[in-house]
Amino acid sequence: MIAQEVFYAIWVSLKTSGLAALVASFLAVPAALFLASRDFRGKRLVLLVNQTWMAAPTVVIGLLFYALLSRTGPFGGLGILYTQTAMTVGQIFLILPLIVGFSYTALRQVDRRARTTALTLGASRRQAGLVVLREAKFPLLVAVLAGFARAVSEVGIAMMLGGNIRGETRNITTTIALETAKGEFTTGVVLGAILLALTLGINFAVIVGFRSGD
Amino acid sequence: MIAQEVFYAIWVSLKTSGLAALVASFLAVPAALFLASRDFRGKRLVLLVNQTWMAAPTVVIGLLFYALLSRTGPFGGLGILYTQTAMTVGQIFLILPLIVGFSYTALRQVDRRARTTALTLGASRRQAGLVVLREAKFPLLVAVLAGFARAVSEVGIAMMLGGNIRGETRNITTTIALETAKGEFTTGVVLGAILLALTLGINFAVIVGFRSGD
Amino acid sequence: SPGSGSFSDGDTYQTYMSPRAAAAERSLMLATTTSMDATGLLDVLADEFKKETGITLRWIAVGTGAALKQARDGNADAVIAHAKKLEEEFLRQGYGVNRRVFARNFFMIAGPDGDPAGVSGSGTAAEALLRIKSAGSPFVSRGDRSGTHARELDLWARAGGPPQGNYLETGQGMAETLRVAAQRRGYTLTDTATFFALQNLSGLVPVFDSGPELENIYAVMAVNPARVPTARYGEAMALIAFLTSPRGQQIIGGFTGRAGRPLFEPMAGVPGVDLDK
Amino acid sequence: MTDAVYSLQDVRFAYPRGPSPFSLELDALRLDHGEILALVGPNGAGKTTLLTLLAFLNRPSGGRLIFLGRDPWQDETRALQARRQAVLVTHHPYLFKGTISDNLAFGLEVRDIPEDERPARIGEALDLVELPGWEKRSVSGLSAGQAQRVALARALALRPAVLLLDEPTANIDAGLGLRMEAVLREVSRNTGMTVVFSTHNFSQASRLADDILYLSDGRRVEFGHENCFSGRAETDGRQSWIEPRPGLRVVFPGEVRGRVTCVINPADIRVLPAGRAAEAGNGPNVFAGRVTRMETTEAGLALVRVSGDLTFRVTLPVGELDASGISLSRPVLLKFEPGSVDIAGTRP
Amino acid sequence: MTDAVYSLQDVRFAYPRGPSPFSLELDALRLDHGEILALVGPNGAGKTTLLTLLAFLNRPSGGRLIFLGRDPWQDETRALQARRQAVLVTHHPYLFKGTISDNLAFGLEVRDIPEDERPARIGEALDLVELPGWEKRSVSGLSAGQAQRVALARALALRPAVLLLDEPTANIDAGLGLRMEAVLREVSRNTGMTVVFSTHNFSQASRLADDILYLSDGRRVEFGHENCFSGRAETDGRQSWIEPRPGLRVVFPGEVRGRVTCVINPADIRVLPAGRAAEAGNGPNVFAGRVTRMETTEAGLALVRVSGDLTFRVTLPVGELDASGISLSRPVLLKFEPGSVDIAGTRP
Ligand SMILES: Nc1ncnc2c1ncn2[C@@H]1O[C@H](COP(=O)(O)OP(=O)(O)OP(=O)(O)O)[C@@H](O)[C@H]1O
Ligand SMILES: Nc1ncnc2c1ncn2[C@@H]1O[C@H](COP(=O)(O)OP(=O)(O)OP(=O)(O)O)[C@@H](O)[C@H]1O
Ligand SMILES: [Mg+2]
Ligand SMILES: [Mg+2]
């Protein structure tokens with residue numbers, strides 16, 4: 001493997017999965033806040049479905065989006081199959097339930113009084129929601145990072161929707177899969193170690209960054 | 001695909017992943033309880049490592065255990081490569097950090113007073129720990145089920161360590177992968193749907209079972 | 001010793017059956033290239049092999065590179081591959097013995113409807129590739145060091161090397177590569193079996209499918225117990241004998257799979273073919 | 001403004017999934033600028049519940065609640081405006097993670113008070129609760145009373161039109177409790193701030209409040225000045241009593257010593273025509289008297305005043321009035337169980 | 001048993017990461033069977049902290065704490081045994097999810113009380129806190145006082161040797177509060193149960209307790225019978241005062257009315273030789289007198305009694321004694337700031 005290819009694969013992994021984690025968080029955290037702060041009929045069902053969604057294999061998600069995005073599919077016109085965009089979209093779908101579940105658990109940990117206290121001090125409902133998020137800042141960060149970890153480590157969606165095209169959509173995990181298929185197991189393990197080292201660095205940077213922002 | 005083969009694959013999936021979720025929970029939940037109820041030097045580092053571990057791709061975990069369990073590897077003598085045992089072992093390793101992370105968040109949600117109240121009412125430290133677990137029963141269940149979902153939906157470890165051997169270690173996800181490789185996309189999606197339906201049923205049964213046990 | 005023992009035409013698989021071991025459950029781990037498994041041929045062969053020898057055939061279907069690696073690591077007793085260069089290296093290093101060719105089929109070049117590069121009329125595969133290159137049409141390569149990939153690289157070598165642009169490497173299996181080719185409206189080199197299994201899905205058509213350069217030869221090897229002590233040499237040799245036996249060859253020739261047409265030609269008895277290293 | 005600050009008409013509230021069929025029902029309540037109202041009553045009477053309604057955190061399930069001339073629940077903007085003017089300090093306050101100053105700043109931030117004004121307001125408020133200079137302290141590890149004082153300061157810093165306090169001095173030391181009362185009185189007098197507070201301390205209620213609302217089981221208990229007696233309690237170990245007038249004993253259960261104030265819910269008092277003395281028996285808490293006034297109210301209640309040196313207020317369902325043989329100036333007997341006597345507080 | 005229940009010697013405790021340098025330091029404390037001790041003192045004095053030490057939830061960082069003749073911190077078995085005998089009810093109790101009966105059963109379960117005895121014990125305990133029949137109610141949605149009563153019942157059901165109560169009646173209505181006091185007194189008398197409770201209600205402390213420990217800033221404040229005065233407060237709006245003896249005013253800040261008890265920390269009183277009257281100025285709280293007794297203690301403190309109709313106890317660092325010109329029978333002046341007068345409670 002050429003170093004340049006490895007760098008490119010790292011870049012693709014971080015870019016697509018980082019973006020997926022961000023977008024998914026912007027969808028999942030408000031959803032979790034809604035679920036955590038309200039009791040309504042069917043809420044358990046929503047949680048059950050979310051929980052089940054987590055069991056969707058990446059290949060199946062890949063297949064679904066493949067059907068949607070392929071030339072003859074309903075969104076074929078977008079022409080995004082086998083691009084990084086497709087990978088990001090699939091990964092968003094993959095990690096949504098994980099971030100929802102994690103964030104929900106995190107937000108339930110916030111005292112119910114946090115919200116009412118914010119309200120009585122004059123916060124709007126939105127501001128009160130933000131207070132709840134702030135009180136759970138750290139576990140929410142863990143949720144987002146868990147989503148990133150899941151996205152950056154998955155291979156099925158990247159394969160199916162990215163196509164593992166060299167120089168375009170080949171990321172670390174598809175490279176690992178390829179090297180493994182070639183029988184280059186050592187390369188695979190080394191690339192895995194690089195991925196983990198990177199993730200460690202990112203986790204560290206994010207957590208320390210947020211801590212010092214206190 | 002013959003129905004019988006599908007049933008067998010379902011059985012393998014449920015058995016290996018169910019076992020993996022159980023064993024991993026027995027390791028992860030006490031670890032999370034320890035982390036959640038104590039403050040010590042290096043705790044952040046442990047959490048950081050746990051968080052990073054979540055980013056380990058299944059293939060890499062597969063490769064690691066492959067190296068360990070290979071006939072010529074250090075544990076080759078066990079002869080468990082390409083067995084369901086190997087799949088379970090790999091999956092335990094895969095889902096451990098997820099269950100630790102989820103449980104940790106769940107246990108932090110328990111009021112700190114729960115533990116001291118149990119202690120002052122005469123509970124031993126172990127009993128007080130159990131009280132904390134009981135107070136977080138539901139989110140802990142979610143953690144275990146998330147671990148199961150992760151295990152049952154993964155394919156890399158099942159492939160590498162199970163070998164996708166027909167009638168032995170072929171589970172739902174490796175079947176899906178095989179069918180996809182054959183171009184039988186529809187079969188893949190149908191199998192995925194079966195998997196999700198099963199998981200839904202299991203989640204439902206477990207959650208309802210625990211609820212009614214109140 | 002079995003490691004240095006040679007395999008003569010007179011041997012049959014029964015030779016490798018020890019009467020005592022036959023009573024116990026015997027099994028054999030085969031590392032095989034994916035097409036054998038994905039077509040379903042191995043399922044049929046394994047059933048018959050069990051019936052005839054009592055040996056349970058278990059296999060892991062991976063790329064040729066990974067298959068050989070698994071064998072080196074002692075996790076397989078026999079290997080089926082279709083990449084002669086890699087196989088030879090494997091034999092040379094002493095990991096494999098008794099390579100026997102037992103089946104073949106053909107590669108072909110598939111391309112988009114309407115054949116924009118006008119490949120159909122080509123005389124040789126190399127010419128076909130040259131036309132693709134000069135037309136600037138996309139070419140999708142597996143790029144995974146599989147048997148198919150190795151053959152593709154051979155062919156490109158004859159056509160003056162792969163194109164600089166519009167050359168996509170998917171690093172994936174045949175089915176996925178066909179899909180990428182279809183989506184990108186490109187050409188690709190594929191094995192016949194996978195192509196026909198996927199034809200209606202992929203929307204590709206065969207544009208060039210004849211000539212000896214496209215021959216795809218499957219060989220089986222036993223793992224050398226002298227090099228890999230855990231290898232089950234007896235069972236491996238029984239499998240090789242079975243595959244090259246008239247019964248085995250008959251099954252291979254008669255196998256049609258889901259495509260409804262024969263996917264492999266029996267090869268063990270065909271004269272003029274390199275039977276051993 | 002001539003509007004009442006609060007005007008409640010037939011306000012009802014019930015918790016959606018309460019463990020018991022508790023409901024709050026208030027026929028009428030009006031609160032003006034600068035008024036101080038105390039909420040008194042036994043545990044579970046609905047004091048906290050009423051405060052959450054007045055703070056617009058719970059929405060009445062029926063009736064009319066008008067705040068400064070408007071219906072605060074008309075839309076979310078109104079509710080927000082209303083909540084910005086009526087701030088509640090709960091009995092076990094929640095403090096946001098961070099420093100004390102972060103906590104006090106929050107309400108100022110959402111009100112867009114300019115950043116350079118905030119430190120002064122925060123400092124003033126902390127001075128009022130006698131925690132000067134505590135701005136930079138973390139809220140973790142505060143004692144019970146310190147936390148309650150921070151929460152009080154957090155509300156005072158907002159200079160709200162209405163301050164709602166749930167047992168504000170329950171965990172505050174006695175001296176500071178008295179000084180806090182003075183602070184509230186002063187702020188209310190100077191700025192017209194309306195204060196509603198709940199307390200179990202009847203003397204605090206009478207010291208600080210212009211008016212006392214006694215709640216029992218979600219209903220207002222009407223005493224006027226009646227049904228509320230003080231005295232030095234004596235006890236025989238099982239029962240205790242006070243003698244509001246020499247020779248007249250009000251008996252209640254338990255072993256109680258010291259000066260106490262007790263109240264009797266009008267609904268718990270039975271009225272019998274004097275002729276039916278036998279029914280009253282010769283237990284404790286039987287009083288002979290004469291009906292001095294009768295009123296009939298919308299709610300179908302008759303108010304009867306009975307005098308026998310003490311004045312009691314009793315209620316009778318309208319339907320039973322005719323059958324009861326009770327009418328103005330007629331001699332009657334009153335009787336109530338010792339258990340229905342509420343000790344409303346100890347009085348200095 | 002002739003052992004003391006608790007015997008503390010030079011016990012010290014500091015929170016590992018406290019926001020302030022608070023530390024608790026108790027030279028000596030002994031508690032016997034059946035004794036009732038009240039902890040009194042301003043917010044942040046360390047009352048709750050001391051209770052967590054007595055409940056073996058926090059471990060002293062120094063000194064000797066002996067419980068029933070043993071060191072409870074020797075090993076975990078000892079600590080468990082000790083905790084089984086001393087049960088703490090915190091000021092804002094935590095109730096386990098589930099029903100009230102689940103909560104009361106917990107302590108019985110861990111003590112292996114047979115299952116068929118539990119309902120009776122639970123029922124009795126709920127009767128004591130006047131929540132009879134509440135077994136099956138869920139703990140969610142209890143009012144503040146109801147929750148506190150459940151927690152009290154949860155402790156009483158265990159019939160512990162020691163009951164530790166943090167502001168037990170702060171949120172309980174006044175009548176029930178008095179009845180709870182009677183219950184505690186009775187249980188203590190009948191079973192020898194030792195009770196330690198904290199309160200901001202000085203009258204409660206004097207009613208219920210055999211002894212009062214006044215804490216201030218983590219230290220015991222020694223009053224003996226001195227430095228503690230009662231009277232009816234008068235006020236000019238800024239300052240208030242009582243006159244423990246006619247013509248002698250103890251002035252404190254704020255607007256306070258009614259009868260109060262106030263205490264002055266000996267350390268806050270300055271002693272000057274009578275000759276230096278000018279230094280004392282003519283502000284409030286200046287008293288002339290004569291030293292009636294002097295003691296020197298290990299801690300390097302001198303105890304000086306000064307009489308001038310009232311008796312004050314003051315402390316002086318040993319080192320300053322010689323320079324101060326103060327000795328037995330010499331006339332002196334006492335002076336303290338109004339702000340250092342603690343209102344310890346209102347007294348009926
Ligand atoms: N969130 C809730 N859900 C259901 N019921 C509740 C809830 N909060 C309170 N209740 C019930 O409503 C009744 C009134 O409670 P509230 O807290 O208003 O009483 P309170 O007068 O403040 O009592 P306390 O003096 O004990 O604080 C009680 O019976 C209580 O059990
Ligand atoms: N967990 C903690 N960590 C750090 N400091 C603490 C902690 N708990 C209490 N403190 C500090 O210790 C001191 C004593 O607190 P404590 O709770 O014992 O006071 P208290 O006498 O019970 O006061 P109150 O009357 O307000 O309940 C206070 O200054 C407080 O800020
Ligand atoms: Mg209340
Ligand atoms: Mg306290």
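First the proteins, then the strands, lettered A, B, ... as listed; each starts at 1. All figures in this text were calculated on a predicted structure; none of them were measured in a lab.
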Considering only heavy atoms and a distance below 4.5 Å, find which of [options] pairs most often with chain A.
options                               : result
B/Ile202, B/Leu196, B/Leu107          : B/Leu196
B/Ala67, B/Ser153, B/Gly188, B/Ala177 : B/Ser153
B/Val189, B/Asp111, B/Thr58, B/Thr199 : B/Thr199

Structural part of [X] lying under 4.5 Å from a heavy atom of chain B:
X        : value
A/Val59  : side chain
A/Val142 : both
A/Glu154 : neither

Could you tell me whether [X] atom [atom1] has more than 12 heavy atoms of other residues or ligands within 6.0 Å of it?
X        : atom1 : value
A/Phe40  : CZ    : yes
A/Phe138 : CZ    : yes
A/Tyr8   : OH    : yes

Distance in Å, [X] [atom1] paired with [Y] [atom2], rounded so as to fall on 0.5 Å steps:
X       : Y        : atom1 : atom2 : answer
A/Arg44 : B/Phe204 : CZ    : CZ    : 9.5 Å
B/Met54 : A/Phe148 : CE    : CZ    : 13.0 Å
A/Leu63 : B/Glu179 : CG    : CD    : 11.0 Å

Close side-chain approach of [X] to [Y], heavy-atom, < 4.5 Å:
X        : Y        : result
B/Leu195 : A/Pro57  : yes
B/Leu98  : A/Leu98  : yes
A/Met160 : B/Thr180 : yes

Q.
I'd like to verify something: which residue of A/Pro139, A/Ser17, A/Gly101 has the highest number of heavy-atom pairs under 4.5 Å with chain B?
A.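 Ranked by heavy-atom pairs under 4.5 Å with chain B, first place is A/Gly101.
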
Q. Any idea which of A/Ile61, A/Leu145, A/Leu198 has the most non-hydrogen atom pairs under 4.5 angstrom with chain B?
A.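 Maximum pair count with chain B is reached by A/Leu145.
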
Q | Region of B/Thr105 that comes under 4.5 Å of a non-hydrogen atom in chain A | A |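 Its backbone and side chain both get close to chain A.
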
Quick one: closest heavy-atom pair of [X] and [Y], and the distance?
X        : Y        : result
B/Val152 : A/Ala55  : CG1-CB, 4.0 Å
A/Gln51  : B/Ala146 : NE2-N, 3.1 Å
B/Gly192 : A/Val60  : CA-CG2, 3.6 Å

Q: On the 0 to 90° scale, with breaks at 30° and 60°, tag the A/Phe185-B/Tyr66 ring pair as parallel, tilted or perpendicular.
A: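 A/Phe185 vs B/Tyr66 ring planes: perpendicular.
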
Q. What residue among A/Val49, A/Leu48, A/Leu47 forms side chain to side chain contact (heavy atoms under 4.5 Å, CB included) with B/Asn203?
A.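 Single side chain to side chain contact (heavy atoms under 4.5 Å, CB included) partner of B/Asn203 among A/Val49, A/Leu48, A/Leu47: A/Leu48.
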
